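First comes the structure, then the notes that go with it.
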Amino acid sequence: LQQQQRVNYLFFGSKTHLMNELFNNKKRAFYHAAAQMAIGELPKQDSVRYLKQRFSESGIHLSNDVADYLLNTASNIPHYIQLLAAEIWQYLINQQTEVTTAIVDVCASQIMVLKHDYYTELFDRQSQSKKQLLQALAISGKAIFSVSYRDAHRLPGAATLQRAIKGLIEDGIVEKIEDDYFLADPFFKRFILMH
């Protein structure tokens, strides 16, 4: 999610489409009932400081580099930061006193194990073209409509690809920022890359 912004309604996570639908569709009860505002990522320095403080309260050391790695692993999305940090804390408490990148990876893998059935069902219920697109997006979401991208990932034609990406965005599985597309759940991305 590099240094980009997403549109939210003071909500975080991968439900942007749901919120857009709820407040911007004339047929919905909350049409124009909330102000739409663009908020960027959490400030990394503040997030690092907060994570270090919270871990230190339990006697666990977290370096700046490892905190940054944790944030990147969770795509700097608050819900996933909290989920991963909680998993790391559970893993370390009463055992070790320092977070390492290896521990971040172990805990990210544990989250995938916990959500394995959900991720399997989510992936399996997609059409073949959506599955192919999800696998491609797990690698890169840049220039997805280019011939070279479609050829490299053995994707269907542009019209089928347009329908697939539209459906994935509507389902909240994929998000778009400017011309880049990405999986909304960083742990689902890891799941796809490993399967």
Side-chain angles (χ1 to χ4, degrees), residues 1-6 8 11-16 39-126 130-142 152-153 168 171-177 180-195:
L1 289 178
Q2 288 75 43
Q3 300 299 323
Q4 305 159 330
Q5 291 188 339
R6 68 181 69 197
N8 284 300
F11 291 89
F12 297 98
S14 62
K15 304 300 182 215
T16 304
I39 52 178
E41 293 183 324
L42 291 174
K44 276 201 171 182
Q45 288 181 331
D46 292 343
S47 297
V48 166
R49 189 178 314 112
Y50 177 78
L51 287 168
K52 288 178 70 168
Q53 175 193 337
R54 293 306 305 252
F55 276 108
S56 71
E57 289 171 6
S58 295
I60 299 170
H61 174 72
L62 176 68
S63 71
N64 288 343
D65 289 342
V66 176
D68 193 53
Y69 185 77
L70 187 159
L71 294 172
N72 289 335
T73 300
S75 295
N76 204 19
I77 299 172
H79 169 75
Y80 298 109
I81 294 169
Q82 181 182 5
L83 182 65
L84 183 55
E87 190 68 29
I88 292 167
W89 185 85
Q90 281 290 102
Y91 182 85
L92 289 177
I93 200 65
N94 299 326
Q95 292 181 27
Q96 297 179 28
T97 58
E98 184 166 359
V99 182
T100 64
T101 56
I103 289 172
V104 173
D105 288 336
V106 165
C107 292
S109 294
Q110 287 177 338
I111 291 170
M112 285 192 313
V113 168
L114 290 171
K115 297 180 89 173
H116 183 271
D117 291 345
Y118 168 71
Y119 288 152
T120 300
E121 191 273 330
L122 179 62
F123 186 77
D124 287 349
R125 75 173 179 226
Q126 304 304 319
K130 287 181 181 178
K131 286 178 184 176
Q132 290 173 283
L133 181 54
L134 286 170
Q135 290 168 329
L137 290 173
I139 298 167
S140 170
K142 296 185 182 302
H153 298 285
L168 290 169
D171 290 342
I173 298 169
V174 170
E175 291 189 7
K176 177 184 178 189
I177 294 179
D180 295 340
Y181 297 84
F182 58 93
L183 296 172
D185 181 337
F187 300 108
F188 185 44
K189 175 181 176 177
R190 291 171 73 101
F191 171 85
I192 290 171
L193 288 171
M194 294 180 70
H195 290 85

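Remember, it's a predicted structure, so these values are computed and weren't measured experimentally.
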For residues Thr73 and Tyr80, determine if any side-chain heavy atom of one lies less than 4.5 Å from a side-chain heavy atom of the other. no
Flag the pair Thr120 / His195 as yes when at least one side-chain heavy-atom distance between them is below 4.5 Å, and no otherwise. no
Taking the side chain as everything from C-beta on, heavy atoms only, tell me whether Lys130 gets closer than 4.5 Å to Val174. no
Tell me, do Gln126 and Ile173 make a side-chain contact under 4.5 Å, heavy atoms counted? yes
Please report the shortest heavy-atom distance between Phe55 and Ala85, naming the atom on each side. CZ-O, 3.6 Å
Would you give me the side-chain donor-acceptor pairs under 3.5 Å for residues 60-68, sequence neighbours excluded?
residue, atom, partner, partner atom, Å
Ser63, OG, Val66, N, 3.1
Asn64, OD1, Lys52, NZ, 2.9
Asp68, OD1, Lys44, NZ, 3.3

Mind listing the closest non-hydrogen atom pair of Ile139 and His153 along with its distance? CD1-CE1, 4.0 Å
Rounded to the nearest 0.5 Å, what separates atom OH in Tyr119 from atom CD1 in Ile192? 9.5 Å
Rounded to the nearest 0.5 Å, how far apart are CG of Leu71 and CD1 of Ile81? 5.0 Å
Identify the two heavy atoms, one from Ser75 and one from Pro186, that lie closest to each other, and give their separation to 0.1 Å. OG-CB, 3.3 Å
Quick check for you: to the nearest 0.5 Å, what is the distance between Phe182 atom CZ and Lys142 atom NZ? 10.5 Å
Counting neighbours of CZ on Phe123 that are heavy atoms of other residues, nucleotides or ligands and sit closer than 6.0 Å, is the number greater than 12? yes
Quick one, Arg125 and Asp171 - any side-chain contact, counting heavy atoms below 4.5 Å? no
Residues which pass salt bridge (Lys or Arg N to Asp or Glu O under 4.0 Å) with Lys115, listed by chain and number, not counting sequence neighbours: Asp185
For the student: nearest non-hydrogen atoms of Ala184 and Gly172, plus distance: CB-O, 3.6 Å
Can you tell me how far CG of Leu92 sits from CD1 of Ile103, rounded to the nearest 0.5 angstrom? 4.5 Å
Taking atom CD of Glu98 as the centre, report whether more than 12 heavy atoms of other residues, nucleotides or ligands fall under 6.0 Å from it. yes
Rounded to the nearest 0.5 Å, what separation is found between the CD atom of Gln82 and the CG atom of Leu51? 10.5 Å
dist Ile88:CD1 -> Gln110:CD (nearest 0.5 Å) comes out at 9.5 Å
Cys107 vs Leu84 side-chain heavy atoms within contact, under 4.5 Å: yes
Kindly indicate whether the side chain of Lys189, heavy atoms from C-beta on, has any atom under 4.5 Å from the side chain of Leu193. yes
